[in-house]
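One structure is given here, and the rest of the page talks about it.
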Amino acid sequence: MHIAEGYLPVSHAIAWSVAAAPFVVHGVVTLSRRVAADPESKLLLGACGAFCFVLSALKIPSVTGSCSHPTGTGLGAVLFRPPIMTVLGTITLVFQALLLAHGGLTTLGANVFSMAVIGPWVGYGCYLLTRRLGLLPAVFAGAFAADLVTYCVTSAQLALAFPDPQGGFAGALAKFGGVFAVTQLPLAVSEGLLTVLVVRLLRTS
Amino acid sequence: MSAVLSVHDVAYAYEGAPPVFTGLSLHVPPGRVLVLLGPNGAGKTTLLRLMTGGLRPLRGEIRLHGKPVSYSRRGLTELRTHVQLVLQDPDDQLFAADVAQDVSFGPRNLGLPVAEVRRRVAEALAAMQITELADRPTHLLSFGQRKRVAIAGALALRPQVLVLDEPAAGLDPAGVTALLETLEELRSAGTAIVASTHDVDLAHRWAQDAAVLAEGRLHTGPAAELLADESLLRSARLTPAWGPAVGRLLRRHGLLPPGAPDPRTPADLDRLTG
Amino acid sequence: MSAVLSVHDVAYAYEGAPPVFTGLSLHVPPGRVLVLLGPNGAGKTTLLRLMTGGLRPLRGEIRLHGKPVSYSRRGLTELRTHVQLVLQDPDDQLFAADVAQDVSFGPRNLGLPVAEVRRRVAEALAAMQITELADRPTHLLSFGQRKRVAIAGALALRPQVLVLDEPAAGLDPAGVTALLETLEELRSAGTAIVASTHDVDLAHRWAQDAAVLAEGRLHTGPAAELLADESLLRSARLTPAWGPAVGRLLRRHGLLPPGAPDPRTPADLDRLTG
Amino acid sequence: MLAIDAAAYRSPWRRHHPAAKALLAGGLLGCALLLPPWPGAPVTAAVTLAVALCWARMPPRTLLRAARIPLGFVLTGALTFLVTVGPDGIGWADGGAGRAGEVVARCGAAVLCQVLFAGTTPLADALPRLTRLGLPAALVEVTALVYRLLFVVLDTARRTRQAQAGRLGDRSLRAAWRSLGGLGSAVFVRSFDRARRLEAGLAGRGYTGSLPVVVAEIPLRTPFLAAAPLPAVAAASVTFALGNLL
């Protein structure tokens, strides 16, 4: 679920871009250093970005709504650490906006903040916290949390932009959270399960 | 001989593109090898996917045992338990961690009990002569082995028609010969085999029936006859095969009796002259 | 005739595996086509990668114009400006978004000025007869077009030796014929061509020189002679070619004069009998 | 493959500089976002649609289909404007339909501007030029690699999905899950295998760490650049004129 082009008022679009910018810059610096130290990693990162894009094009069985897809940010954060995942997530979002009209360019900052900044960091944090329960539970927790928190942040962004005339921010959060929960909650569970399936298959092979 | 699978006046076009073909018909009899020939881009793979339910014809119909295929979930399940497609690149078809698990994918999806799934897997691996690979991880196999695993995955559904897209691609001569021998056993046990290729020599050596896809039209007939027709092959941007050309030359000089079949391999020539 | 590139008593083994070969030698003369034949897994690709600096021999050496190749960055750059490898799958080599950008990589990476790079790109695209593809995106090209782009990317460095891994794989007969014609022009302009294949008919039709890799040993000689040696081919798990078998038969019956070359394609037979 | 991408390479605007197209579409996008939604949004949408169909000659189907994905999000989100959640519980919002209409209209216009730019500007032309905007080369090269590889990987995923369907991989929910797990891991493994193979392939072409390419020259100062701001100016003028009238 990405915020579509033109959905946010201009002031919000700018504010979220400013909020996301330091993370993206930090990520780009990390990525440039890593690539300079190890030129081969450039191709690996390219492949990982391609994987994230393709993953986001997969349809999840039984989850309704055309705007639901896995984000891959939890898995990516575990594999590459959150700063690199912020850059790859940003690249993925740009391609989704330009190749699929999914998400927008003025709303890129807001989408980057929820999916490529908060998602990877929270997912990675949950992975670390649950790591001692075993790899697969930790992977589930990381992917589930990354997906869920992305959806929560997006709902909050929308609620800030369009507070309820009576209930204000809280009322709007309840509304946005409510309508998107139908697709996003099952999706978060799905992405967690899918990531576990993928990691389990990878580990046995 | 009644067809197991048949294509009736089928038309197909990809979105936003001109039609691949506008009215093709083809009959697949049981227990024979039918080779589908044509240049790249002529629509061979499209036709194979139409025959196996992967694409739905825009017009015309696919019939299984004479009954039009329904594109409901149930109809497709029926078609796919009888007709299985093996892709050119085995890596597109292998997605489980080890060989046995991969081959079990189809039978498990059918909802068969575990014991029956195991039986099917063992049977399919035996048919492809790769029983010893059962617990090997797929990514450590050679290309030829992966190709066999991909075919075993299709056989585990016990199809009556096995459809192979470019089965010889990427195999070396010994690998091709071994694969043809294995497929010949399946054929003689009653499975119909449909294979696409652009190698006319291979088609002439292997197939009983041939279908040549040229400029959106399909020409069908006995392989020995069709593949000797050089003007047809030329119109399909294919090169003539050695066998018929040599046969023609030998017959003209009385070195081959008029009714004798064309040689299929260079080794046949040595046998011919002793 | 002195060799542009030569392999001297080279041994190679992948880590933790038995040696692929223990002492191979090979000479590549300018302006000729040398075909490297062998079954899958015999080490054809390994040898090609050794010749192009992608692998470093465990023993023995590769010589460029008689001088041993140094594996410093500078030495490798020198080798690669003279010897270019084209892989079997063009997707393993093409990385840029459009054709002209991709072909510009080699010369630009060498540090040539932009105007010279543009000249090289235009020249390479013209040599491969794909000038009109210059601004097309890589991902919307057909397999055959991508193959030509990959070769153009190699040609942009103006190599003296062009090394091709399975150049005919995945191409249809018309595509193979067109590619051979284009390569023939390069050869007659002086480029040495080395190509691996397991298609003996193709080798016999195309090459002046042949090298057969069998059981870790390399047999080299004129293609017409080497590829007529059926016991050698058998030991390399290859099938005999049609051309020599037909030639033998025709000579035995006096239909071909003793000194005349074997037919290369079925069309040669028709010409033979008028 | 991807309809917007394919349309961009066929676009008659292919020869125009990406910056000029960015100016044109960006100006219209600015109108969509900054002008009062009524009548600004419908006017901007109409102007953008006219530019896309008549001037840039985008296929109407591509335009329509591209708008479908964001529409799902926009309409679902707009539902929330119809109700209000406050201390007294849920109720119909006064003027909710109007607010929903404004957001949908603004979004619709903005999405059209986005598709106008994306559907006329091939990324092959735009990506390598990003270094001129001061973006680090490493980032631009990784982005270009993602662009190239995503089509290769997408193709793999598509074929694997077909193969799974052929072996009854979508017959039941259970089968669908088994398929998805296998697909995810197969695509993952093959993406990384691609990277490894491309690394070897590029090493043969002399890769030692950077991927410089020469980009085709496209002139920037052309009549097109001069005309690029006009649609936005037209949209703004008509909006103000109508605003004074209404």
Side-chain angles (χ1 to χ4, degrees), chain A residues 1-7 10 28 31-32 35-36 39-40 42-51 53-55 57-58 60-62 65-67 87 91-92 94-95 97-102 104-106 158 162 164-167 171-172 174-176 179-180 193-194 197-198 201-202 205, chain D residues 2 4-5 29 32-34 66-67 69-70 72-74 76-77 79-81 83-87 93-94 103 106-107 109-111 114-115 118 123 136 138-139 141-143 145-147 149-150 153-154 157 173 176-177 180-185 187-189 191-192 194-195 198-199 208-209:
Chain A
M1 163 173 110
H2 306 324
I3 302 175
E5 183 62 86
Y7 207 85
V10 176
V28 170
L31 177 130
S32 297
V35 163
E40 271 81 57
K42 197 179 279 178
L43 299 155
L44 199 67
L45 291 170
C48 184
F51 172 73
F53 180 89
V54 172
L55 195 68
L58 297 184
I60 296 260
S62 87
S66 59
C67 47
V87 184
I91 294 174
T92 307
V94 169
F95 283 141
L98 291 178
L99 300 175
L100 303 170
H102 187 23
L105 293 173
T106 63
L158 293 172
F162 304 102
D164 190 87
Q166 283 180 36
K175 287 193 299 182
F176 284 111
V179 296
F180 288 114
L193 289 174
L194 173 63
L197 281 178
V198 168
L201 272 172
L202 290 178
S205 63
Chain D
L2 297 172
I4 301 181
D5 178 72
L29 183 58
L33 294 179
L34 296 170
I69 292 182
F73 172 87
V74 172
T76 315
L79 287 180
T80 62
F81 296 118
V83 295
T84 173
V85 178
D94 289 336
V103 171
R106 190 176 70 193
C107 233
V111 167
Q114 178 189 13
V115 177
L123 287 176
L139 176 67
E141 288 177 9
V142 169
T143 308
L145 280 172
V146 173
Y147 181 64
L149 286 170
L150 76 86
V153 177
L154 207 55
L173 196 61
W177 268 104
L180 198 67
L183 180 62
S185 63
V187 169
F188 184 87
V189 169
S191 304
F192 286 86
R194 272 283 156 212
L198 193 58
E199 185 194 318
T208 51

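Chain letters run A, B, ... following the sequence lines, proteins first, then strands; residues in each count from 1.
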d(D:R194 CZ, A:L44 CG) to nearest 0.5 Å is 14.5 Å

A side-chain contact here means heavy atoms from C-beta on lying under 4.5 Å apart; do A:L55 and D:V187 qualify?
no

Contact leader toward chain A among D:L123, D:L183, D:L145, D:V85, where contacts are heavy-atom pairs under 4.5 Å:
D:V85

Nearest-0.5 Å distance, OG1 of residue D:T143 to CG of residue A:L45
10.5 Å

Note: vs chain A, highest number of non-hydrogen pairs under 4.5 angstrom among D:P136, D:C107, D:G184 is D:C107

CD on A:Q166 to OG1 on D:T84, rounded to 0.5 Å
4.0 Å

Shortest non-hydrogen separation from D:F73 to A:A4 and the atoms involved:
CE2-N, 3.5 Å

Considering all heavy atoms, the nearest D:A157-A:V54 contact
CB-CG1, 3.8 Å

Highest number of heavy-atom pairs under 4.5 Å with chain D: which of A:L100, A:L158, A:V94?
A:L100

Relative to chain A, which of D:L34, D:D5, D:V74 shows the most heavy atom pairs under 4.5 Å?
D:V74

Assert top hit (heavy-atom pairs under 4.5 Å, partner chain D, pool A:A97, A:C48, A:G46) equals A:G46

Please identify, among A:S32, A:G167, A:A101, the residue contributing the most non-hydrogen atom pairs under 4.5 Å to chain D.
A:A101

Identify which of D:V111, D:L79, D:D94 forms the greatest number of heavy-atom pairs closer than 4.5 Å to chain A.
D:V111

Rounding to 0.5 Å, atoms CG (D:L29) and CG (A:L105) come to a distance of 8.0 Å

Within this structure, what is the CG-CD1 distance for the pair D:L150 and A:I91, rounded to the nearest 0.5 Å?
11.0 Å

Which residues satisfy the ring-ring contact (aromatic ring centres under 6.0 Å, His included) test with A:F53, sequence neighbours excluded?
none

Checking heavy atoms, do the side chain of D:L154, its backbone, both or neither come under 4.5 Å from chain A?
both

Counting heavy-atom pairs under 4.5 Å to chain A, which of D:A118, D:A32, D:G77 comes out on top?
D:G77

Examine distances only and state if a side-chain atom of A:K42 and a backbone atom of D:V142 form a donor-acceptor pair shorter than 3.5 Å.
no

Using the ring-ring contact (aromatic ring centres under 6.0 Å, His included) criterion, which residues pair with A:F162? Sequence neighbours excluded.
A:Y7, D:F81

Less than 4.5 Å to any heavy atom of chain A: does that hold for the side chain of D:Q114, its backbone, both, or neither?
side chain

Is any side-chain heavy atom of D:I4 closer than 4.5 Å to a side-chain heavy atom of A:L99?
no

Heaviest contributor of heavy-atom pairs below 4.5 Å to chain D, chosen from A:L197, A:T106, A:L43, is A:L43

Among D:V83, D:L198, D:V115, residue most engaged with chain A (heavy-atom pairs, under 4.5 Å):
D:V83

Closest non-hydrogen contact found for D:A195 with A:A47 is CB-CB, 3.6 Å

Taking every non-hydrogen atom, the tightest pair across A:A50 and D:V153
CB-CG2, 4.2 Å

